[in-house]
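Both counts, for ligands and for their atoms, begin at 1 and track the order of listing. Predicted model, so just to flag it, every value in this text is computed and none were measured.
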Amino acid sequence: MTTGTVQREAWGSRAGFILAAIGSAVGLGNMWRFSYVAAQGGGIYFVLLYLIFVAAVGIPVMTSEFAVGRLAQESPAKAIGRLGGKAWTPLGWLFVFCGFGILSYYSVIAGWTIRYSFDALRHAIPADTGGYFQAVSTGTGSVVGHVLFMAITIFIVLWGVRKGLERAALILMPILFIILVSLAIWSATLTNSGVGYAAFLNPELGAISVRSVINNAVGQAFFSLSLGMGALMTYASYLKSQQNLGKEATVVALTDFGVAFTAGLIVFPIIYSFGLSDQVGLSMVGALFISLPAGLQSLGQAGDWVVLTFFVMLFFAALTSAISLLEVVVTALVDHGISRRVAAIGAGLVITLAGIPSAFSIKFLTAADQVVGNFLLIVGGFFTAVLVGWKLLPLADAELAKGLASEKVRKGWAMLIRYFVPPVLLIVLVWIIIPETWDAVRALFSP
Ligand code: PHE
């Protein structure tokens with residue numbers, strides 16, 4: 001039996017697809033980065049700018065990825081060259097490279113959440129959370145967590161779309177939502193919750209320039225919505241049913257925003273109720289992994305339970321995102337005739353090895369995030385918009401028409417993806433992202 005005659009896998013239900021797409025979007029990016037960058041500059045204005053960007057760029061790009069995915073019924077690595085012509089083939093492989101590159105360092109951070117969860121469960125997080133974080137995040141300890149996390153991700157992807165990806169989303173996402181809401185309610189009862197909310201949404205610019213605020217909003221939107229690297233395109237390629245893809249994209253994007261916003265409502269009251277505000281500026285990762293556990297220690301064992309719940313939520317969020325990252329690589333290999341088992345294990349092993357430098361150096365991890373998780377995603381998003389807006393528009397529009405009857409909405413989408421998204425992304429790339437990326441790479445090589 002050749003792969004050509006094997007029936008392509010498909011989602012078992014609409015809920016399965018939607019929850020898996022939300023699972024991809026909701027990840028480490030939501031749980032901390034969003035509220036952190038908001039508090040850093042712009043506050044509520046940042047939130048509004050972010051929402052406008054999500055509506056005008058994020059949702060149209062996501063709708064395009066959904067349309068091309070369902071239309072193609074195969075991996076982006078194959079479909080993009082087939083639909084767009086030979087010259088577009090590199091874009092499909094850029095997607096695969098991004099899945100590979102992001103997962104390599106994403107899994108390292110996710111590995112830390114495993115270690116934190118275990119130690120919180122054993123009441124074994126030491127008082128010196130700074131030293132503890134050092135030990136967990138660099139060197140062999142970090143490698144162990146990374147390998148463990150990759151093994152779990154590979155194991156789920158091995159099972160395929162319905163038994164692996166869909167089942168994981170159907171189980172993990174509801175638990176994640178319950179934890180999220182419970183923690184937000186608990187946070188609201190803390191003595192200084194109001195001060196925390198105010199710090200999160202404080203409209204002042206702080207030390208940050210308008211340019212950085214835009215950089216943060218655009219980078220955050222692409223990363224958080226899983227755009228620009230074919231993850232959601234891949235998920236849509238397993239769709240058989242003809243639902244309204246514009247609506248699905250809106251649901252995914254708004255849920256992703258809701259989770260990020262709620263996470264801010266959890267984290268900031270904790271920071272301001274346990275006197276940690278002076279540590280927030282230190283570093284993004286540090287504040288999450290050092291300050292939060294330090295503050296909660298004053299609650300004794302009860303604090304350990306909160307830490308446990310929080311890091312388990314982070315772990316679940318990271319897992320459903322990692323699955324989608326690995327799936328982009330695996331589906332490309334499967335479409336080139338390799339069995340899912342060999343593809344998942346083989347790609348997984350190579351990604352595990354590629355993550356080792358990030359497990360040893362946070363500096364390397366940060367640079368990888370800027371290059372692949374920010375710069376390349378926006379490059380991918382730009383070319384996706386050009387391809388769909390200028391080459392595949394009739395095809396993509398016909399695909400959308402299958403569930404999206406309203407011609408007005410489709411016209412609006414077409415206008416945005418053709419005339420608005422490409423120039424906006426190009427300006428942002430040249431003006432902001434390329435200089436920032438250049439700085440990050442230079443910083444890596446300076447002592
Ligand atoms: N969206 C995920 C997060 O916020 C990360 C991700 C990026 C997943 C790109 C898939 C593709 O953590």
Side-chain angles (χ1 to χ4, degrees), residues 19-38 50 54 58-59 61-62 65-66 69 75-76 94-113 149-150 153 156-157 165 168-169 172-173 176 180 216-236 249 252-264 284-285 288 313-332 347 351 355 365 368-381 384:
L19 283 180
I22 292 174
S24 169
V26 169
L28 296 171
N30 300 62
M31 293 306 175
W32 176 247
R33 199 171 179 278
F34 177 80
S35 56
Y36 180 82
V37 292
Y50 180 80
V54 166
I59 294 177
V61 172
M62 197 187 291
E65 286 205 23
F66 280 170
S75 74
L94 176 71
F95 290 171
V96 174
F97 179 79
C98 285
F100 182 97
I102 296 176
L103 185 51
S104 74
Y105 69 83
Y106 199 81
S107 160
V108 170
I109 306 176
W112 305 341
T113 68
F149 184 81
M150 279 304 300
T153 309
I156 294 173
V157 170
L165 281 52
L172 299 181
M173 294 314 288
L176 188 148
L180 185 82
N216 289 345
V218 177
Q220 174 67 16
F222 266 77
F223 187 82
S224 187
L225 295 175
S226 302
L227 294 178
M229 48 83 57
L232 297 179
M233 198 182 279
T234 299
Y235 275 13
V252 173
L254 291 184
T255 310
D256 184 71
F257 167 77
V259 172
F261 191 81
T262 312
M284 197 161 75
V285 197
L288 183 59
M313 172 174 82
L314 235 55
F315 169 68
F316 284 179
L319 185 58
T320 48
S321 298
I323 291 169
S324 74
L325 288 162
L326 183 57
E327 183 63 21
V328 172
V329 183
V330 167
T331 194
I351 293 170
L365 190 159
D369 180 41
Q370 175 65 28
V371 175
V372 192
N374 191 343
F375 170 62
L376 287 184
L377 288 188
I378 297 177
V379 170
T384 304

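Near Ser321, the atoms of ligand 1 lying under 4.0 angstrom from a non-hydrogen atom of the residue are 2 (C). The Gly29 neighbourhood of ligand 1 comprises atoms 3 (C), 4 (O), 12 (O), with distances under 4.0 Å to a heavy atom of that residue. Those atoms of ligand 1 with a heavy atom of Met229 less than 4.0 angstrom away are 9 (C), 11 (C). Per-residue contacts place Ser24 under 4.0 angstrom from the following atoms of ligand 1 (heavy atoms of the residue considered): 1 (N), 2 (C), 8 (C), 10 (C). Those atoms of ligand 1 with a heavy atom of Ser224 less than 4.0 angstrom away are 1 (N), 4 (O). Residue Ser324 has at least one heavy-atom neighbour below 4.0 Å for each of these atoms of ligand 1: 10 (C). Each of the following atoms of ligand 1 lies closer than 4.0 Å to a heavy atom of Leu28: 12 (O).
Rounded to the nearest 0.5 angstrom, Tyr105 OH and Ile351 CD1 are separated by 12.5 Å. Atom CD of Gln220 sits about 11.0 Å away from atom CZ of Phe257, to the nearest 0.5 Å. Atom CG of residue Leu365 and atom CD1 of residue Ile109 lie 4.5 Å apart, to the nearest 0.5 angstrom. Of the inter-residue distances, the one linking Ser104 atom OG with Asp369 atom CG reads 10.0 Å to the nearest 0.5 angstrom.
Here the protein heavy atom with the shortest distance to atom 12 (O) of ligand 1 is Tyr106 OH, 2.5 Å. Protein heavy atom at the shortest distance from atom 7 (C) of ligand 1 is Phe223 O, 3.4 Å. The nearest protein atom to atom 4 (O) of ligand 1, hydrogens excluded, is given as Ala25 O, 3.1 Å; this is a heavy-atom distance. The protein heavy atom nearest to atom 9 (C) of ligand 1 is Ser226 CA, 3.6 Å.
When only modelled atom types and interatomic distance are considered, Ser226 and Ser24 share a side-chain donor-acceptor pair under 3.5 Å.
At distances below 3.5 Å, not a single donor-acceptor pair connects side-chain atoms of Asp256 with backbone N or O atoms of Asn30. Side-chain atoms of Glu65 come within 3.5 Å of backbone N or O of Gly228 as a donor-acceptor pair.
You'll find the side chain of Phe97 reaches within 4.5 Å of the side chain of Leu376, heavy atoms only.
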